[in-house]
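Worksheet: the structure to be examined is printed underneath.
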Amino acid sequence: MKVLITGGAGYIGTHCLVELMQAGLVPVVLDNLCNASPDALARVEQITGQQPIFIEGDIRDHRALELAFQAHRPSAVLHLAGLKSVGESVDKPLEYYDNNVVGTLQLLRTMREFDCHRMVFSSSATVYGDPATLPIAEDAPTGGTTNPYGTSKYVIERILQDWAAADSEAQVIALRYFNPVGAHASGLIGEDPQGLPNNLMPFIQRVASGSLERLNIFGDDYDTPDGTGVRDYLHVVDLAQGHLAALQRMEQPEAEGFHAVNLGTGNGISVLQMVKAFEAASGQAVPYSIAPRRPGDIASCFADARHAQEFLGWQARHTLESMCSDAWRWQQFAESRT
Ligand code: NAD
Ligand code: WQD
């Protein structure tokens, strides 16, 4: 099966590439490299022994999409391309809606033109906003988003629901990721954000390596067991396998229409627990200070992971320890290149 992966050169995309190639599928990457480098694709080749097919192009460029569909006739699309920084989206809302929402519309138009009806979409637990109950199941209210990035994911989900309702052949699985962390066990691919990291795990990695001095923990007075924020961190390889499971599910009966599926472990981990787990896995100290709460943060967020098990036959398997040790291996490799 040929699968177009938009954003396939990025953090999650490269891990999806490895899983798809190892399962015998033929992925075709379309990426404009705004947050990725072709080096990562070379390292995917090192892991899999196969060179991924790569097209440098933008999902908002209808001609580039037409050329990709003409050349490869994919039977499904993994749609990962998007801008993803919450803070940046507040400063640049139009850029975020243009890239994420308009880009998705161009992609859907091209899919319709080429009779392609299957899409797996990178959605996010952010569509739930501040959840009223925990764990969060897929039927919890969505749309209470607090920033343009989150709203772009919510709006895209709504567009995909309408598209699926209008096309009886359409199959859409919106994967609502919780907090992806970690790296491939080879240490050759992982997340390497430009500048100061926004997310917890890359920040901890850089403090452990000594390239940043200390972590600021944003609040220790939340209503959580130790006062720090609780999230559902899942290993990026588990996440990538969830995409493979979604593609395989589309081959089976009753996959038509729009389906939202949480990808998480179902376990909540606090910031302090993550710091301790990373120190144990890396053997390095992670000095921290308690800082004020970060605006827009919620106290706790973790998944009800049962629907993923029932609908996709998928569940997260990696431990917190392997999330940390794989992230640490990757961090050391990433820093050895610079
Ligand atoms: P990433 O930035 O590493 O990957 C996104 C890729 O998309 C990059 O390679 C970038 O160059 C490419 N891209 C962006 N705009 C494009 C465009 N207009 N045309 C073509 N390519 C474009 O991010 P990631 O962490 O791998 O995230 C992948 C997807 O998962 C994103 O849609 C993101 O919003 C979503 N997501 C990520 C997280 C997370 O915590 N990493 C959580 C939930 C959802
Ligand atoms: C996790 C916890 C922070 C950094 C974000 C997006 C979400 C999704 C995943 C894409 C929180 C605390 C963090 C730091 C800290 N992305 N923290 N010090 O906010 O759950 O989710 O990434 O869809 O949309 O909002 O992840 O890693 O930023 O924070 O104390 O330097 O770590 O307060 O409790 P978050 P995160």
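What you are looking at is a predicted structure, and each value in this text was computed from that prediction instead of being measured. Whatever order the structure lists them in is the order used to number ligands and atoms, beginning at 1. Computed from heavy atoms alone, side chains included, the values below leave out hydrogens, waters and symmetry copies. Quick note: residue numbers are just sequence positions, from 1.
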Considering only heavy atoms, does Asp58 approach ligand 1 within less than 4.0 Å through its side chain, its backbone, both, or neither?
both
Taking 4.0 angstrom as the limit and counting only heavy atoms of Arg231, give me the atoms of ligand 2 inside it, by number and element.
1 (C), 11 (C), 20 (O), 34 (O), 35 (P)
So if I count the atoms of ligand 2 from 1 in the order they appear, which ones are less than 4.0 Å from some heavy atom of Val86?
6 (C), 25 (O)
May I ask you to decide if the ring planes of Tyr128 and Phe178 are parallel, tilted or perpendicular, using 30° and 60° as cut-offs?
tilted
Taking only non-hydrogen atoms of Tyr149 and a 4.0 Å limit, the atoms of ligand 2 in range are 10 (C), 23 (O), 24 (O)
For Ile217, atoms of ligand 2 separated by under 4.0 Å from a heavy atom
30 (O)
With only distance considered, is Asn99 within less than 3.5 Å of ligand 1 through an N or O on each side?
yes
Closest to atom 30 (O) of ligand 2 (judged by heavy-atom distance), picking from Tyr222, Phe218, Tyr177, Tyr288:
Phe218
Scan side-chain atoms only and decide if Ser122 and His79 contain a donor-acceptor pair under the 3.5 Å cut-off.
no
Test the Arg249-Phe311 pair against the cation-pi criterion, namely NZ or CZ under 6.0 angstrom from the six-membered ring centroid and within 45° of the ring axis.
yes
Could you list which atoms of ligand 2 come closer than 4.0 Å to a heavy atom of Gly229?
34 (O)
Select one of side chain, backbone, both or neither to describe which atoms of Val271 lie under 4.0 Å from any atom of ligand 2, heavy atoms only.
side chain
Quick one: which ligand 2 atoms are inside 4.0 Å of a heavy atom on Asn198?
4 (C), 28 (O)
Enumerated ligand 2 atoms positioned under 4.0 Å from heavy atoms of Ser124
10 (C), 23 (O), 24 (O)
When you measure from the heavy atoms of Lys84 to every atom of ligand 2, does any distance fall below 4.0 Å?
no
